[in-house]
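Have a look at the structure below, then the notes.
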Amino acid sequence: MEENLIVCMERHSGEFSKGQRRIAEYIRDHYETAAFMTAFRLGETVGVSESTVVRFAAQLGFDGYPALQRAMQKLTRSRLTSVQRVEVARERMTDDEVAQAVMSCDIQNIRKTLAELSEDQFRETVEGIVSARRVYIFGAGSCQALASFLAFYLNFLIPDVKLITAGGEAEILEQIIHIDEQDVMIGISFPRYSSRSAKTLHFAKSRGARVVAITDSAISPIARLADDCLLAHSDMATIVDSLVAPMSIINALLVAVSLKRMQENRPVLSELEELWETYKVYQPFREDTADGDVL
């Protein structure tokens with residue numbers, strides 16, 4: 001269900017029982033807290049049974065309470081402050097559970113991303129990147145690291161890649177002033193969504209460029225601007241964004257582009273290897289070197 005949860009509850013408000021109205025009121029006023037409650041805990045908090053909570057989810061058109069909970073978390077992920085994220089993490093895990101909880105969440109994010117990935121959309125995205133005159137890449141905040149990683153490797157694979165350094169809006173526009181319909185703009189944005197990402201992609205689209213969005217939801221600010229949209233789960237309400245699944249999508253894109261341009265890139269990559277060897281760019285490794293010794 002892509003409809004905003006608050007709007008959905010308002011639309012169904014005339015159908016609610018007295019207990020369901022209490023649930024709706026609590027979610028509307030405290031969705032940051034409700035998003036991470038079990039059905040039993042939510043019912044206990046508002047004074048109704050767990051079954052009433054489950055029926056409330058069904059009344060709204062959700063396939064069970066977990067689906068309603070995900071809708072609440074969509075509202076929450078883009079609006080939680082850093083302090084609230086830490087408080088939510090403390091409620092969900094103890095100090096002894098952190099590694100297990102975080103890594104398990106990352107694994108689930110990758111599994112869900114793979115299960116929902118559109119192969120047709122993925123192939124179209126790769127074709128657009130390979131055929132572009134120039135590929136622009138932008139990510140703000142924590143997504144800047146993903147953008148830098150993508151640009152670093154894409155530079156080896158296609159002739160013209162431009163990483164847009166996150167700055168003020170004027171500076172960003174200056175860096176993409178020449179973008180047009182021959183180019184591709186790749187935008188990366190995950191909650192909390194950066195307004196600069198949406199504005200940058202909006203400008204690129206206004207110039208006729210093909211827009212690729214790597215984000216978490218079809219209703220995220222940049223997804224609505226995209227010609228190609230690759231969705232990756234990033235569910236983790238903590239101070240640190242879970243960007244493992246987005247990184248996996250980016251890895252897949254890079255491998256797909258490298259295979260698509262294998263013949264064109266072979267001479268370039270061979271020349272790079274020779275240059276790296278000539279200028280001793282990388283430290284050689286020998287098994288007989290003592291631990292800590294430097295050749």
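Quantities reported herein were computed from a predicted structural model and do not represent experimental measurements. FYI, side chains are in, hydrogens and waters are out, and symmetry mates aren't considered; it's all heavy atoms of this structure.
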**Report entry** Residue pair R28, E10: steps toward the side chain to side chain contact (heavy atoms under 4.5 Å, CB included) verdict
**Finding:** CA-CA 10 Å; R28 186 171 57 249; E10 290 296 326; 3.6 Å; yes
Any chance you could measure [X], atom [atom1], to [Y], atom [atom2], to the nearest 0.5 Å?
X	Y	atom1	atom2	result
L272	N265	CG	CG	10.0 Å
I250	L230	CD1	CG	9.5 Å
M72	F36	CE	CZ	9.5 Å
E271	T278	CD	OG1	10.0 Å
E171	I176	CD	CD1	11.5 Å
T45	F40	OG1	CZ	9.5 Å

Has [X] got more than 12 heavy atoms of other residues, nucleotides or ligands less than 6.0 Å from its [atom1]?
X	atom1	answer
E181	CD	yes
Q100	CD	no
H30	NE2	yes
K260	NZ	no
Y26	OH	yes

Query raised in the report: Does a donor on one side chain sit under 3.5 Å from an acceptor on the other, for S217 and S220?
Result: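 Looking only at side-chain atoms, S220 and S217 do not form any donor-acceptor pair under 3.5 Å.
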Got [X] and [Y] here, is their nearest side-chain heavy-atom distance under 4.5 Å?
X	Y	result
P191	S234	yes
L231	E116	no
F190	S142	no
F122	D228	no
V211	I222	no
F16	L60	yes
V184	V212	yes
F138	R196	yes

Query raised in the report: Looking at the rings of F62 and F56, which for Trp means the six-membered one, are their centres under 6.0 Å apart?
Result: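 No, the ring centres sit 6.0 Å or more apart.
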Query raised in the report: Once the angle between the rings of F156 and W276 is folded into 0 to 90°, is it parallel (under 30°), tilted (30 to 60°) or perpendicular (over 60°)?
Result: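 Ring orientation, 0 to 90° scale: perpendicular.
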Exercise: identify the closest heavy-atom pair between [X] and [Y]:
X	Y	result
A256	V126	CB-CG2, 3.6 Å
Q69	A35	CG-O, 3.0 Å
I27	A34	CG1-CB, 4.3 Å
A226	A213	CB-CB, 3.6 Å
L146	P246	CD1-CB, 3.9 Å
A223	T215	CB-CG2, 4.0 Å

Query raised in the report: Got a donor-acceptor contact below 3.5 angstrom from the S242 side chain to the D106 backbone?
Result: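 Looks like no, no N/O pair under 3.5 Å.
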Query raised in the report: Do any N or O atoms from the side chain of S248 and from the backbone of A245 form a donor-acceptor pair under 3.5 angstrom?
Result: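 The answer is no, because no donor-acceptor pair under 3.5 Å joins these two groups.
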same_hphob_cluster([X], [Y]) at 4.5 Å side-chain heavy-atom cutoff:
X	Y	result
L114	L243	no
I188	L157	yes
I107	V102	no
M247	L254	yes
Y153	Y136	no

Report task. Show your working on side chain to side chain contact (heavy atoms under 4.5 Å, CB included) between R210 and I129 and close with a plain yes or no. Result -> CA-CA 9 Å; R210 187 184 187 112; I129 291 172; over 6 Å; no
Requested in this report: Would you please test F203 and I172 for side chain to side chain contact (heavy atoms under 4.5 Å, CB included) and show each step?
Outcome: CA-CA 10 Å; F203 178 80; I172 291 171; over 6 Å; no
Requested in this report: Apply the test salt bridge (charged side-chain N to carboxylate O under 4.0 Å, His left out) to residues D183 and R133: give CA-CA distance (whole Å), side-chain angles for both, the deciding distance (0.1 Å), then the verdict.
Outcome: CA-CA 5 Å; D183 304 322; R133 177 189 62 180; 2.7 Å; yes
Report task. Test V46 against E25 for side chain to side chain contact (heavy atoms under 4.5 Å, CB included), laying out the working first. Result -> CA-CA 9 Å; V46 301; E25 289 171 4; over 6 Å; no
